[in-house]
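First the structure, in the form of structure tokens, and then the observations on it.
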Amino acid sequence: MPRYTPAEIEARWQQAWEKDGVFQATRNADKPKYYVLEMFPYPSGRIHMGHVRNYTMGDVIARYKIATGHNVLHPMGWDAFGMPAENAAMAIGGHPADWTYDNIAEMKKQMKPLGLSIDWSREIATCHPGYYGQQQALFLDFLKEGLVYRKNAVVNWDPVDMTVLANEQVENGCGWRSGAPVERRELTQWFFKISDHSEELLSALDSLDNWPAKVKLMQANWIGKSRGLQFAFSTIEAPEGFDRIEVYTTRPDTLLGASFVGISPDHPLAKTLERDDEAVAAFCAECRKGGTTEEAIETAEKLGYDTGIRVRHPFDTAHELPVYIANFILMDYGTGAIFGCPGHDQRDFDFATKYDLPIISTFLPSEDVSPKLSEAYVPQKSEKVFYNRGFAGDQWQTGEQAVDAAIAFCEENGIGQGVTKYRLRDWGLSRQRYWGCPIPVVHCDDCGVVPEKKENLPIELPYDVSFDTPGNPLDRHPTWRNCACPACGKDALRETDTMDTFVDSSWYYARFTAPRADTPTDLEEAAYWMNVDQYIGGIEHAILHLLYARFFARAMQITGLLPESAAEPFDALFTQGMVTHEIYQTRDGNGRPVYHLPEEVTEGKLSDGTEVEIIPSAKMSKSKKNVVDPLQIISNYGADTARWFVLSDSPPERDVEWTASGAEASYKHLSRVWNICDRVSEMDREAPGTGDDDLLRAMHKTIHDVTMGVESFGFNAAIAKLYAFTATLQKSKAGYAAQREAIMTLAQLMSPMTPHLSEDIWAHQGGEGLITKAPWPKADEKMLVDDTVTLPIQINGKRRAEIQVPADMTKEEVEKIALAHEAVIRTLDGATPKKVIVVPGRIVNVVA
RNA sequence: GCGGGCGUGAUGGAAUGGUAGACAUACCAGACUUAAAAUCUGUUGGGGCGUAGCCCCGUGUGGGUUCGAGUCCCACCGCCCGCACCA
């Protein structure tokens with residue numbers, strides 16, 4: 001009997017697909033189109049199991065859609081700009097471009113053996129001038145439409161290396177290379193006006209029926225629409241121009257509990273005071289230490305500085321409040337100034353306690369309770385509470401009612417206005433780095449900031465750059481900056497900032513529809529292929545990438561680069577989990593952990609017999625040495641085994657743990673299927689069998705279940721059904737015709753997951769053409785329904801017995817049979833049941 | 001700190017509010033074999049009793065809704081993801 005030899009089979013069928021050109025996508029009006037896309041990879045140089053899982057899922061969908069008669073587009077490209085290439089150049093020498101292109105070549109070579117249904121003729125790399133030149137054209141279009149502008153923004157500044165740091169390069173508030181404490185510094189930068197589209201990006205979430213609810217919720221919270229009151233405190237003894245301090249609050253119902261006003265260290269008033277007062281300057285400098293992340297700001301110790309300035313409470317001008325500069329107030333949200341109500345905000349409470357400010361309640365949990373002095377009272381906004389300092393006298397109200405009342409009251413009395421605000425900030429795209437898309441503008445002494453002419457695109461990155469000193473090599477390049485002003489022709493300087501790599505990934509899905517077009521998109525191609533029908537990627541992109549891409553689709557419509565129909569770029573989204581692995585650890589002489597690769601460990605021991613501590617599953621990472629190399633798996637077991645395994649054990653949205661025994665089991669299963677195919681081939685064609693009908697019924701149920709599973713991303717459940725059907729087939733004594741039908745159907749149902757093995761079985765059984773192109777099997781409805789059903793009988797919700805009844809039996813008859821069951825009679829012991837619930841086809845519950 | 005998610009046997013997990021543990025791993029037992037590997041078959045949530053059978057407990061913890069809760073609601077605990085210059 002021949003053995004299952006994946007290496008030989010897989011190479012053969014990959015060649016067959018290539019020769020046939022089955023995955024090359026062209027427009028075809030006769031078939032419904034289907035665009036499936038996985039988030040394109042960063043070319044790190046090696047594929048990992050996460051890639052295998054991500055691309056296998058997309059491949060299952062793509063192959064299933066081909067089989068169900070769709071014209072499928074399934075492209076692949078490289079998110080090729082970014083910091084790692086520059087880091088490599090700094091660490092080991094070489095050039096980011098060489099490093100990146102070598103990595104792309106290597107990863108592509110590693111990806112090919114997976115047998116993915118990718119149209120490689122559409123491959124793109126964002127670092128190629130053919131791509132980023134079009135991105136520059138797109139930027140110029142955005143600029144013309146007012147979708148891009150310049151303003152000051154804060155960056156992480158390393159005072160020793162004299163360079164801007166990414167958040168990732170800040171470790172515990174210090175620069176990763178210099179170790180110097182990071183400061184925040186302002187630079188003039190380019191911004192996309194995403195905030196103009198806040199309402200649209202928020203409300204359109206409702207139309208995304210095939211997106212995970214959690215992603216939509218995260219995006220909605222990120223956009224952060226709020227209704228609140230904007231008003232001003234009038235100041236006492238403030239510097240000129242600061243007669244008033246504008247404040248925005250979502251809790252105006254607590255205004256009578258205000259005990260201080262806080263302003264951001266970046267607030268204009270703070271900056272003015274800083275100029276003439278060393279103490280203020282020192283405090284603001286202290287606040288500006290540390291990174292720019294919201295996390296760093298929100299978790300830092302709360303610090304305040306009393307400016308000495310006082311403001312009058314708008315309702316009681318005799319009531320004066322101190323103005324503090326406080327490090328936890330963000331200039332980017334609201335007006336950069338707040339009023340503090342320690343009674344109803346824990347952060348304000350902590351601040352008030354620290355600086356000995358009064359704590360005033362405006363509402364209480366009940367009329368006769370006095371406020372707690374140990375923590376802020378912060379009930380749900382929907383909860384009714386007793387307002388002892390409300391706007392309409394003492395009364396019970398929900399927070400929502402009180403907020404509305406407060407806004408109405410303030411508007412009537414000319415104190416402030418109700419306004420709607422969004423937390424979403426404009427998207428800063430400038431990066432002070434080399435390995436990115438150059439921003440195509442020129443700075444001219446006479447004309448100011450001038451867009452580059454489209455005929456001069458692409459503005460290519462110069463190759464001759466050095467990475468021996470920190471900072472942006474474009475800044476110190478001897479000639480690259482020098483150019484003629486596109487407006488007046490005089491000597492001018494190029495912008496040396498490059499674009500955030502999120503820009504590259506915000507429109508690549510559109511570029512795939514016409515990857516070689518000499519404009520960013522080809523409207524005809526885009527109109528045919530867009531939107532992406534199924535997008536697949538990691539949950540870590542739930543907010544930024546997906547929000548930016550949604551914004552870009554709108555901006556590209558405005559600039560005429562996408563058709564009206566493509567408002568939302570991704571019709572359906574699926575977020576898949578990670579591939580994890582156990583960590584094997586021992587301790588060195590000082591008790592520090594030492595990690596070991598999976599292949600060094602057998603039965604919990606190293607080769608020298610040392611016991612290994614096993615730490616449960618964690619994300620695969622080089623430093624923890626718990627990485628399994630897909631190439632190793634493919635060479636041991638074949639791609640089909642790797643593909644089968646990453647889909648089999650866990651639901652796709654959850655993490656899956658890679659285990660050697662699991663991989664082994666997958667391989668065994670595929671061998672088993674192969675062996676069944678072999679056995680069927682050798683069967684006596686004429687000999688009668690038994691149980692043909694049972695086998696075919698099981699087959700049709702499996703068709704139904706697997707189809708449902710694939711349609712709903714229940715790959716693990718679909719695979720469980722395939723295991724079960726394989727066992728049924730293996731034991732079957734049915735005749736040749738039934739068994740041949742069963743093994744061919746099994747091969748088809750497995751083909752999205754294990755395409756090579758399936759092709760081989762198909763060919764062995766004399767199937768016509770490629771299984772990849774064969775139409776998906778259809779379940780016969782008649783074969784799915786059984787004549788009798790098993791109904792469990794519960795007494796008071798506990799299962800006591802079960803009965804077999806005809807599927808179409810009436811409720812009344814079922815009830816009669818159930819009550820006559822000896823277990824029911826025994827348990828009821830003569831009592832009359834209070835109630836009997838019969839759910840047809842499901843369950844009977846007798847309430848005693 | 002803020003936002004989101006997850007938690008079920010020894011393990012990964014299954015289960016439109018309706019028989020908890022499908023399927024797989026691991027373990028144990030058996031068949032085949034001189035033996036091993038491979039392959040095949042079977043058992044396995046915990047506890048109890050008068051053991052062909054029956055009973056009790058059981059889905060992170062505590063409460064609630066329901067005839068019925070792993071599933072819905074509230075609180076808590078633990079872990080994971082994101083927080084705008086990582087990709």
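Since this is a predicted model, take the numbers as computed values, not measurements. Protein chains get the first letters and strands the later ones, always in sequence-line order, with residue 1 at the start of each.
Out of B:C83, B:G4, B:G18, the shortest distance to the side chain of A:Ile843 is found at B:G18. Between B:C86, B:A87, B:G13, one nucleotide has an atom nearer to the side chain of A:Ser650 than all others, and that is B:G13. The side chain of A:Pro84 has B:A87 as its nearest neighbour among B:A87, B:C85, B:G4. Distance from the side chain of A:Asp649 is smallest for B:A24 among the nucleotides B:G4, B:A84, B:A24. In this structure, of B:G13, B:C86, B:G4, it is B:G13 that holds the atom nearest to the side chain of A:Arg654. Looking at the side chain of A:Asn167, the nearest of the listed nucleotides B:G1, B:G5, B:C85 is B:C85.
For the 3.5 Å distance criterion, the side chains of A:Asp426 and A:Ser195 qualify, holding a donor opposite an acceptor. There is no side-chain donor-acceptor pair under 3.5 Å between A:Thr641 and A:Tyr4. Using modelled atom types, one finds a donor on one side chain and an acceptor on the other under 3.5 Å when comparing A:Asn152 with A:Thr188. With hydrogens and angles left out, the side-chain atoms of A:Trp78 and A:Thr100 include no donor and acceptor closer than 3.5 Å. Using a 3.5 Å distance cut-off with no hydrogens or angles, the side chains of A:Tyr535 and A:Trp211 do not pair a donor with an acceptor.
Among the atoms of the strands shown, only primed sugar atoms or phosphate atoms (P, OP1, OP2) are found under 4.0 Å from some heavy atom of A:Lys798. Across all strands, A:Ala542 comes closer than 4.0 Å to no nucleic acid atom at all (heavy-atom distances). A:Lys668 comes within 4.0 angstrom of sugar-phosphate atoms only, judged by non-hydrogen atoms across all strands, and of no base. Within the nucleic acid shown, A:Gly428 comes within 4.0 Å of sugar-phosphate atoms alone, with no base atom in reach, counting heavy atoms only. Backbone-only contact: A:Gly82 has heavy atoms under 4.0 Å from sugar-phosphate atoms and none from a base. Within 4.0 Å (heavy atoms only), A:Val164 reaches at least one base atom of the nucleic acid. Using a 4.0 Å heavy-atom cutoff across all strands shown, A:Pro651 reaches sugar-phosphate atoms only and no base atom. Here A:Leu547 lies out of heavy-atom contact (under 4.0 Å) with every strand. Base contact: A:Ser430 has a heavy atom under 4.0 Å from a base atom. Base engagement by A:Gln189 is indicated by at least one non-hydrogen atom pair under 4.0 Å involving a base atom. At a threshold of 4.0 angstrom between heavy atoms, the contacts of A:Lys731 are confined to the sugar-phosphate backbone, with no base atom among them. Using a 4.0 Å heavy-atom criterion, one finds that A:Thr299 contacts the bases of the nucleic acid, with or without backbone contacts as well. Heavy atoms of A:Phe502 sit under 4.0 angstrom from at least one base atom.
Note on ring orientation: taking the six-membered ring where Trp is involved, the planes of A:Tyr548 and A:Phe502 are perpendicular (angle over 60°, cut-offs 30° and 60°). Taking the six-membered ring for Trp and thresholds of 30 and 60 degrees, A:Phe713 and A:Phe715 have ring planes inclined between 30 and 60 degrees apart.
OP1 and OP2 of B:C85 both lie 4.0 Å or more from every side-chain N or O belonging to A:Asn156. OP1 or OP2 of B:C83 has not a single side-chain nitrogen or oxygen of A:Thr293 nearer than 4.0 Å.
In this structure, B:G9 shows a glycosidic angle within 90 degrees of zero, which is the syn conformation.
Look at CG on A:Asn87: it is 10 Å from C1' on B:C86, rounded to the nearest Å. Rounding to whole angstrom units, CD of residue A:Glu664 and P of B:G12 are separated by 20 Å. A:His669 has its NE2 atom 15 Å from the C1' atom of B:U39, to the nearest Å. Remark: P of B:A84 and CZ of A:Phe551 are 19 Å apart, rounded to the nearest angstrom. Separating the CE atom of A:Met708 from the C1' atom of B:A15 is a distance of 15 Å, rounded to the nearest angstrom. A straight line from CZ of A:Phe645 to P of B:A24 spans 14 Å, rounded to a whole angstrom. Across the protein-nucleic acid pair, A:Gln169 atom CD and B:A84 atom P stand 14 Å apart, rounded to whole Å. Atom CD of A:Glu86 is separated from atom P of B:C85 by 16 Å (rounded to the nearest Å).
At least one test fails for A:Lys302 against the ring of A:Phe351: distance under 6.0 Å to the centre or angle within 45° of the axis. Cation-pi geometry between A:Lys193 and A:Tyr149 is satisfied (NZ or CZ under 6.0 Å from the ring centre, within 45° of the ring normal).
Nearest-nucleotide positions on RNA chain B place A:Glu298 closer to the 5' end than the other of A:Arg431 and A:Glu298. Checking A:Ser661 against A:Val844, the closest nucleotide of RNA chain B that is more toward the 5' end is the one next to A:Val844.
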Short N/O separations, protein against nucleotides 46-55 of chain B, under 3.5 angstrom:
unit_1 : atom_1 : unit_2   : atom_2 : d
B:C55  : OP1    : A:Arg800 : NH1    : 3.4

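The residue from A:Tyr637, A:Phe645, A:Trp644 that alone fulfils the ring-ring contact (aromatic ring centres under 6.0 Å, His included) condition with A:Tyr667 is A:Tyr637. The ring-ring contact (aromatic ring centres under 6.0 Å, His included) test with A:Trp435 is passed by exactly one of A:Trp99, A:Phe81, A:Tyr132: A:Phe81. With A:Ile439 as reference, A:Leu429 is the one residue of A:Leu429, A:Val148, A:Thr496 to meet the side-chain contact (heavy atoms from CB on, under 4.5 Å) rule.
No hydrogens or angles were tested; on distance alone, a donor-acceptor pair under 3.5 Å links the side chain of A:Gln432 to the base of B:C85. Applying the 3.5 Å distance criterion, the base of B:C85 shares a donor-acceptor pair with the side chain of A:Arg433.
In this structure, CG in A:Asp504 is found 8.0 Å from CE in A:Met499, a value given to the nearest 0.5 Å.
The residues A:Asp500 and A:Arg431 are annotated as salt-bridged, a charged nitrogen and a carboxylate oxygen being separated by less than 4.0 angstrom. Of the charged side-chain nitrogens involved, none lies within less than 4.0 Å of a carboxylate oxygen, so that A:Glu653 and A:Lys214 do not count as a salt-bridged pair.
Rounded to a whole angstrom, the distance from the P atom of B:G46 to that of B:U59 is 15 Å. B:G18 and B:A69: their P atoms are spaced 11 Å apart (whole Å). Spacing of P atoms, B:G30 relative to B:A24, comes out at 22 Å, to the nearest Å. Taking atom C1' on both B:C57 and B:A52, the two are 24 Å apart, rounded to the nearest angstrom. Rounded to whole Å, the separation between the P atoms of B:G70 and B:G17 comes to 13 Å. Atom P of B:G9 sits at a distance of 15 Å from the matching atom of B:G62, rounded to the whole Å.
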Secondary structure of RNA chain B per the Watson-Crick/G-U criterion (both distances under 3.5 Å; [ ] crossing, | other strand, . unpaired) is (((((((..(((.....[....)))(.((((.......)))).)(((((...)))))..(((((..]....))))))))))))....
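Side chains of A:Asp345 and A:Arg251 form no contact here, defined as non-hydrogen atoms less than 4.5 Å apart.
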Under a 4.0 Å heavy-atom criterion, the protein footprint on nucleotides 62-82 of chain B, written with B, S and -, is -----BS------------SS
